[in-house]
Amino acid sequence: MRLRHRSARSAAGASLPAAVALTSVIVLSACGGTDEGQSEDPNAEAAAQLHDAQPINVGDVTLLPESSEAGTYSELVTVQYSEEVRASTELDKPECMDAANRWGDLEAVRDAPTSVAAYEWDKGNVSHILVRLDEGSAAEALAVKPPETCAEYTATYEDGSSSEYGVTDLDVPPVGDESRSFAIQVNDDGGENHMYTVMYRNGDLLGTTSVMGPGEAEDYEQLLLDFTEAAITRQGQML
């Protein structure tokens, strides 16, 4: 398997572009998670079970509890932060807004118990989202893809700066019951960034493993698979 891309910077250093086109979990390292108000969330118990099913560590990738959160998807701090940033961003192709995370607009997902976990890794940033749905909704979410026109597009932010984005498929071996993989490339004044994601269905669970980091793409190939397989194994043990 080869991920046909090059390098990336940390998510914290690219939080604005990441919030526009990448999955919302990537901004966890920038704004942090929270448990505030979780007791009033009707999905709190189910989301906590999902959180307990997140991998603690995979190799030298270690969970950062203070940068993780659980609850109803639409109520998560990271999701709301991303939506606020996107609302103030203009795209030359409006259909590409939130290109990698369009499944998050589905009503079934927005109302679902969700766990968002961030991980420490010396080669970059790792994150994992776990959403409890029914099998049909999980399959529907997995099938949501950005339009072909989103292979290249431009985002202009509220401060007048801009970034060039691109979404491409990755040729990664399948995991879980079904899966797909893709990459996001971001070019701006700070250089070039990449995020690599494996999105999968495990029964009625929808999961995504995402990696950003400063190394070559080849550095992330095995981690994407190892982490996702470890996550699925732990789900079988805990849920």
Side-chain angles (χ1 to χ4, degrees), residues 1-5 18-26 43 46-47 50 53-54 72-76 78-79 82-83 86 91 93-117 126-153 155 165-186 194-212 220-221 224-225 227-233 235-236 239:
M1 173 182 59
R2 288 290 173 190
L3 304 188
R4 297 176 293 277
H5 300 275
V20 176
L22 310 185
T23 174
S24 60
V25 67
I26 293 304
N43 285 321
L50 293 179
Q54 293 279 15
T72 297
Y73 181 88
S74 61
E75 298 300 319
L76 296 179
T78 49
V79 172
S82 297
E83 290 174 348
R86 292 197 302 270
L91 269 65
K93 299 177 181 178
E95 70 273 17
C96 298
M97 181 61 72
D98 205 14
N101 200 34
R102 295 168 68 89
W103 54 269
D105 291 333
L106 296 176
E107 184 175 354
V109 172
R110 296 190 64 78
D111 294 338
T114 303
S115 169
V116 173
V126 179
S127 60
H128 188 251
I129 304 176
L130 194 57
V131 186
R132 171 76 80 178
L133 301 162
D134 58 73
E135 288 194 19
S137 295
E140 179 185 5
L142 184 64
V144 176
K145 297 181 180 181
E148 292 183 1
T149 55
C150 298
E152 295 181 358
Y153 59 98
Y165 287 86
V167 182
T168 56
D169 291 332
L170 295 176
D171 184 16
V172 175
V175 293
D177 294 319
E178 53 181 329
S179 64
R180 65 183 181 88
S181 303
F182 57 89
I184 299 287
Q185 176 180 306
V186 186
H194 297 275
M195 184 188 77
Y196 310 101
T197 294
V198 174
M199 186 175 182
Y200 66 91
R201 181 178 68 82
N202 179 24
D204 60 358
L205 297 171
L206 179 71
T208 67
T209 303
S210 298
V211 179
M212 293 181 70
Y220 309 122
E221 295 178 1
L224 276 170
L225 287 177
F227 189 101
T228 303
E229 290 171 354
I232 292 172
T233 297
Q235 291 159 26
L239 298 174

Minimum heavy-atom separation for [X] to [Y], with atom names?
| X | Y | answer |
| --- | --- | --- |
| A47 | S115 | O-CB, 4.3 Å |
| Y153 | K93 | CB-CD, 4.0 Å |
| A141 | V109 | CB-CG2, 4.2 Å |
| S179 | P173 | OG-O, 4.5 Å |
| L142 | Y200 | CD1-N, 4.0 Å |
| V144 | R102 | CG1-CB, 3.6 Å |

What distance separates [X] [atom1] from [Y] [atom2], expressed to the nearest 0.5 Å?
| X | Y | atom1 | atom2 | value |
| --- | --- | --- | --- | --- |
| L130 | L239 | CG | CG | 7.0 Å |
| T209 | L225 | OG1 | CG | 9.5 Å |
| C150 | K145 | SG | NZ | 13.5 Å |
| T168 | E152 | OG1 | CD | 10.5 Å |

With the side chain counted from C-beta on, respond yes when [X] and [Y] share a heavy-atom pair under 4.5 Å apart, and no when they do not.
| X | Y | value |
| --- | --- | --- |
| T149 | C96 | yes |
| M199 | L206 | yes |
| N202 | D177 | yes |
| S181 | L224 | no |

Note to self: Can you tell me how the ring of Y73 sits relative to the ring of W103, calling it parallel under 30°, perpendicular over 60° and tilted otherwise?
What the structure shows: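 Answer is tilted, since the angle falls between 30° and 60°.
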For the pair [X] (side chain) and [Y] (backbone), establish whether a donor and an acceptor sit closer than 3.5 Å, ignoring hydrogens and angles.
| X | Y | answer |
| --- | --- | --- |
| N43 | D111 | yes |
| T78 | L76 | no |
| E140 | G136 | no |

Note to self: Whether the T197 and T208 side chains hold a donor-acceptor pair (N or O, under 3.5 Å, no angle test) is what I'd like checked.
What the structure shows: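 T197 vs T208: no donor-acceptor pair found between side chains.
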Margin query: If you apply the rule side-chain contact (heavy atoms from CB on, under 4.5 Å), what do you find for L205 with I232, and how did you get there?
Written below: CA-CA 10 Å; L205 297 171; I232 292 172; over 6 Å; no
Checklist line | Check ion pair R201-E135 (N to O, under 4.0 angstrom) | finding: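 Between E135 and R201 there is a salt bridge, with a charged N closer than 4.0 Å to a carboxylate O.
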Notebook entry, point to check: Could you walk me through whether Y165 and L91 pass the side-chain contact (heavy atoms from CB on, under 4.5 Å) check?
Noted result: CA-CA 10 Å; Y165 287 86; L91 269 65; over 6 Å; no
Next item on the list: Please test L133 against L106 for side-chain contact (heavy atoms from CB on, under 4.5 Å), starting from the C-alpha separation and ending with a verdict.
Entry: CA-CA 11 Å; L133 301 162; L106 296 176; over 6 Å; no
Next item on the list: Check salt bridge (Lys or Arg N to Asp or Glu O under 4.0 Å) between R132 and all other residues, then give those that pass, not counting sequence neighbours.
Entry: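 With neighbours one apart ignored, the set is D204.
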Note to self: Does V116 form a side-chain contact (heavy atoms from CB on, under 4.5 Å) with S127? I'd like the steps, not just the answer.
What the structure shows: CA-CA 7 Å; V116 173; S127 60; 6.0 Å; no
